[in-house]
Protein chains: 2
Amino acid sequence: MILSSYKRIHRRYLMKKATIKDVSDLSGYSISTVSRVLNGNYPVKKQTKETILEAINKLHFTRNSVARNLRTNKTNIIGLVVADINNPYYSKIAKALDDGLFKRNYSLLVCNTDESEQKECKILETLIDKGVDFIIISPVSKNAELLRTIKNNGINVIIIDRNIGVSDFPFVGSDDFKEAKKLTEYLITRGHSKIAFITGTQKATTSQERLFGFRAALVENHLTFSNESLIEGLYKEEMAYENITKFLKRNQHNIQPYTAIFSSNNLMTLGLIKAAKELSISIPNDLSIVSFGQIELQDIIQPNVTCIKQNIDSMVELIFKNIDQLADDPTATISNDFIANSFLLGNSVKKIK
Amino acid sequence: MILSSYKRIHRRYLMKKATIKDVSDLSGYSISTVSRVLNGNYPVKKQTKETILEAINKLHFTRNSVARNLRTNKTNIIGLVVADINNPYYSKIAKALDDGLFKRNYSLLVCNTDESEQKECKILETLIDKGVDFIIISPVSKNAELLRTIKNNGINVIIIDRNIGVSDFPFVGSDDFKEAKKLTEYLITRGHSKIAFITGTQKATTSQERLFGFRAALVENHLTFSNESLIEGLYKEEMAYENITKFLKRNQHNIQPYTAIFSSNNLMTLGLIKAAKELSISIPNDLSIVSFGQIELQDIIQPNVTCIKQNIDSMVELIFKNIDQLADDPTATISNDFIANSFLLGNSVKKIK
DNA sequence: GTGAAAGCGCTAACAT
DNA sequence: ATGTTAGCGCTTTCAC
């Protein structure tokens, strides 16, 4: 009992933090003058300013942002909602974003959906609660309604990566259809006609668009598209690894085996490479592969995977274009920005026939 | 003019968010009762509760955390301060942390120091301002004073990865000296006696400890340690790459060339592999390497690097032990926890002599 | 079980 | 140029 009481007192002692009132008392000026010095938005006599700054230093005072946020209805926090911050694709975006945000005096709250719609929903609610100024989201689901609620709460929303196909929100991402088609056409020009496709999560538009692009390339080249060529990967390495292993085992007994596989994201490409390696299937000799999204250490890994490399720098640049615009005027015109990606030629595709 | 006025009105309309007062008005109960329903910490009549919940739903009300935080002096935000979230080592930590924090209803603010002391300082100030409940930091510098100020502001500090050698803060990380020594001894038992060492940033204690461990192993085995065997890498891939390239070029003309290199973090190991590859130096045939810290895709990359793999799961587990303890009682006893790492045997070291 | 009211630390009118 | 004061939306005593 005594101990617990002691702790409580000690705790309170620790919690003691100087407030603007303390600065006001010590310096002899009113809190508004202190506030003006803090914000530098109104003229203050040089002498006064110095006295106040002295008091601030003496008390180790730093402003309580929470109180400030309550007044100004701004938090200078931006929520980034992605599938998994451990995916290098997203961690690169996070890093590049943070660099620019630091300069703009914003902080980044990172949230992982793990591709779960339910988790995404809870995250968004938390972000509304927290009063973040912006939400930058690569959405799991096409829940435009929830995003509209957010917008009505005065939070700016920027959709990245996965377009949800509505016009209320700015979007920055790839032209998945076009790029996937291009990548497939490359396989076809190299003589491949039986091509399998590793799919992402059903919900994600990127996944659908990439599949459509793939199919379009086949159809245009008078090749048949069949659902049997689809391998479910859910955008996850582990899932892809398992299903690809099964697929490749089956494929070895096919009369007309698949000669190439299109992986629709970076993580699943890793699962693909591992599966092939374990089954002693040589890339590109026994199997050709392409990837939508670059894998890490591209230049060290064998095979060097031919892929679409998403241009993260220009992506982040466009995100900032939107941020700066919306910070200035939340009603600014909404635009869909497609980034220019690169086609990276590796050695993972064999020319056949 | 007219447009701009329209925009301002429109903006205000957008900003409108239901408050507890609105719920109170609609339901007919006082704001205190609404608050009690919200928090569920006081008894409320079932009937009352239902009426209020109905109003909450009708208004799409969610509580304003900022106001709540101001009252309760808690934010449910935890700041994670690391060198670079794009380093897989840190992004793994961030992900694992976020998983556990989500369950505890905390959010994670991620900050990158870029190994800059100055940036670290600014970040910490911002985090104090923002009133985060915890700061989990892998410090650039040994600035115990600043961390003490933070603690005095009522913010719990947990140091990870890089110990600053004071006893005021809980620490979770590796026993760098011991592990580095072990790794070096492995090289020695495989017959290597001329071993170079790629250093991290001077300021980081991990860097120093790893170097001490390296040197201790040499000395104990009656091998000479020389400053000439040090390659400066600053824990950065690019920096390591450049200096290693120079080093290896020089080394080719040595009468007694170095036969092995110890890289003291994962990023620099990548720089090392790239440098060797470009100079057509084969690992392990021409050069043996070991790494403190696992590189990604270990099982795909050639060479498979013999390394100390830091056990992130147990690291995060220990961090949570501290979080839970400190959340319960900020004056809880402080402990230094060393995680048990794994020695991963690869094929990057040749047996010589 | 419920309501009234104080106040968390700050900003921004509005005074002077 | 500086001071006074009214809240921002919420929690929490203190009444009843």
Side-chain angles (χ1 to χ4, degrees), chain A residues 8 11-12 15-53 55-56 59-76 128-133 153-155, chain B residues 12 15-53 55-56 59-76 128-133 153-155:
Chain A
R8 214 171 305 123
R11 182 185 213 141
R12 196 169 308 142
M15 294 292 181
K16 193 161 279 170
K17 201 196 154 190
T19 72
I20 200 169
K21 177 84 173 23
D22 298 325
V23 178
S24 163
D25 288 349
L26 181 62
S27 66
Y29 288 93
S30 74
I31 55 167
S32 19
T33 306
V34 176
S35 173
R36 286 188 264 259
V37 169
L38 249 32
N39 296 301
N41 48 0
Y42 288 93
V44 175
K45 205 159 74 183
K46 204 181 160 199
Q47 169 67 45
T48 310
K49 191 174 170 179
E50 275 165 17
T51 315
I52 289 176
L53 284 177
I56 286 178
L59 294 168
H60 295 291
F61 168 83
T62 59
R63 151 168 67 209
N64 179 332
S65 296
V66 177
R68 175 171 220 248
N69 295 341
L70 180 59
R71 246 335 281 253
T72 59
N73 202 24
K74 272 204 68 183
T75 55
N76 276 39
I128 298 176
D129 267 27
K130 291 242 187 303
V132 298
D133 296 338
N153 276 323
I155 300 175
Chain B
R12 194 170 309 144
M15 295 292 182
K16 192 162 280 174
K17 198 193 157 193
T19 73
I20 200 169
K21 177 82 172 30
D22 297 325
V23 178
S24 164
D25 288 348
L26 181 61
S27 66
Y29 287 93
S30 74
I31 56 168
S32 9
T33 305
V34 175
S35 173
R36 286 189 264 261
V37 169
L38 247 34
N39 295 301
N41 49 359
Y42 287 93
V44 175
K45 205 159 74 182
K46 205 180 159 200
Q47 169 66 45
T48 310
K49 190 173 171 179
E50 275 165 17
T51 315
I52 289 177
L53 285 177
I56 286 178
L59 293 168
H60 294 289
F61 168 82
T62 60
R63 151 168 67 210
N64 178 332
S65 296
V66 177
R68 175 170 219 250
N69 296 341
L70 180 60
R71 246 334 279 250
T72 59
N73 202 25
K74 274 205 67 183
T75 54
N76 277 36
I128 299 176
D129 266 26
K130 291 240 188 301
V132 297
D133 296 338
N153 276 323
I155 300 176

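Just so it is clear, the model here is predicted, and its values are computed rather than measured. Residue numbering restarts at 1 for every chain, and letters A, B, ... go by the order of the sequence lines.
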Counting any heavy atom closer than 4.0 Å, what does A:Asn69 reach on the DNA or RNA strands: base, sugar-phosphate only, or nothing? nothing
A:Asp133: what forms a side chain to side chain donor-acceptor pair (under 3.5 Å) with it, not counting sequence neighbours? A:Thr75
A:Leu26: side chain to side chain contact (heavy atoms under 4.5 Å, CB included) partners, not counting sequence neighbours: A:Ala55, A:Lys58, A:Leu59
Does B:Asn41 reach a base, just sugar-phosphate, or nothing at all? Heavy atoms under 4.0 Å. sugar-phosphate
Would you mind reading off the distance between A:Asn73 atom CG and D:dG7 atom P, rounded to a whole angstrom? 17 Å
Inter- and intrachain pairs under salt bridge (charged side-chain N to carboxylate O under 4.0 Å, His left out), touching residues 28-41 of chain B, at least two apart: none
All salt bridge (Lys or Arg N to Asp or Glu O under 4.0 Å) counterparts of A:Lys21, not counting sequence neighbours: A:Asp25
Please report the distance, rounded to the nearest Å, between CG in B:Asp129 and C1' in C:dC10. 12 Å
Strictly below 4.0 Å, heavy-atom distances to any atom of DNA chain C: list the hits from residues 19-27 of chain B, or just say none. none
Going from CD1 on B:Ile56 to CG on B:Leu38, what distance comes out if it is rounded to the nearest 0.5 angstrom? 5.0 Å
To the nearest 0.5 Å, what is the distance between CG on B:Asn153 and CZ on A:Phe61? 10.5 Å
Once you build an axis from the first five pairs and another from the last five of the helix from C:dG1-D:dC16 to C:dT16-D:dA1, how far apart in angle are they, to 10 degrees? 40°
Among D:dT11, D:dG9, C:dA12, the nucleotide that comes nearest once only the side chain of B:Ser35 is considered: D:dT11
Side chain to side chain donor-acceptor pair (under 3.5 Å) involving B:Asn76 - partner list, sequence neighbours excluded: B:Lys74
Which residues pass the side chain to side chain contact (heavy atoms under 4.5 Å, CB included) test with B:Thr48, sequence neighbours left out? B:Tyr29, B:Thr33, B:Val44, B:Lys45, B:Ile52
Would you say B:Thr72 places a side-chain N or O within less than 4.0 Å of OP1 or OP2 belonging to C:dC8? no
B:Gln47 CD - C:dT2 P separation (whole Å): 10 Å
Just how far, in rounded Å, is P of C:dC10 from CG of A:Leu38? 8 Å
Which one, C:dT11, C:dA5, D:dA1, comes nearest to the side chain of B:Ile31? C:dA5
Side chain of B:Lys45 - closest among C:dG1, D:dT11, C:dT11: C:dG1
With nearest nucleotide decided by heavy atoms, which residue, B:Thr33 or A:Ser30, maps closer to the 5′ end of DNA chain D? A:Ser30
Does C:dC8 have OP1 or OP2 sitting under 4.0 Å from an N or O in the side chain of A:Asn64? no
Nearest whole Å is fine: how far is C:dT2 P from B:Lys46 NZ? 14 Å
With sequence neighbours left out, the residues meeting side chain to side chain donor-acceptor pair (under 3.5 Å) with A:Ser35 are A:Asn39
For B:Ser32, which residues count as a side chain to side chain donor-acceptor pair (under 3.5 Å) partner, sequence neighbours excluded? B:Ser30
Of the listed nucleotides (D:dG3, C:dT2, D:dC8), which one gets closest to any side-chain atom of B:Tyr29? C:dT2
Over how many whole Å does the gap from A:Arg68 atom CZ to D:dC10 atom P extend? 21 Å
Produce the list of close N/O pairs, under 3.5 Å, pairing protein atoms with atoms of nucleotides 13-16 of chain D; give distances to one decimal.
none

Nearest whole angstrom, please: distance from the P of D:dT11 to the CG of B:Leu70. 11 Å
Give the rounded distance in Å between these two atoms: CD1 of B:Ile52 and C1' of C:dG1. 11 Å
Does any N or O donor sit under 3.5 Å from an N or O acceptor when you compare the side chain of A:Arg71 with the base of D:dG7? yes
Students often get this wrong, so: under 4.0 angstrom with heavy atoms, is A:Ser65 touching a base, only sugar-phosphate, or nothing? nothing
In the structure I gave you, are the side-chain heavy atoms of B:Asp22 and B:Lys17 within less than 4.5 Å of one another anywhere? no
Taken to the nearest 0.5 Å, the spacing of A:Leu70 CG from B:Ser65 OG works out to 11.5 Å
Can you tell me how far the OG1 atom of B:Thr19 sits from the CG atom of B:Asn64, to the nearest 0.5 Å? 9.0 Å
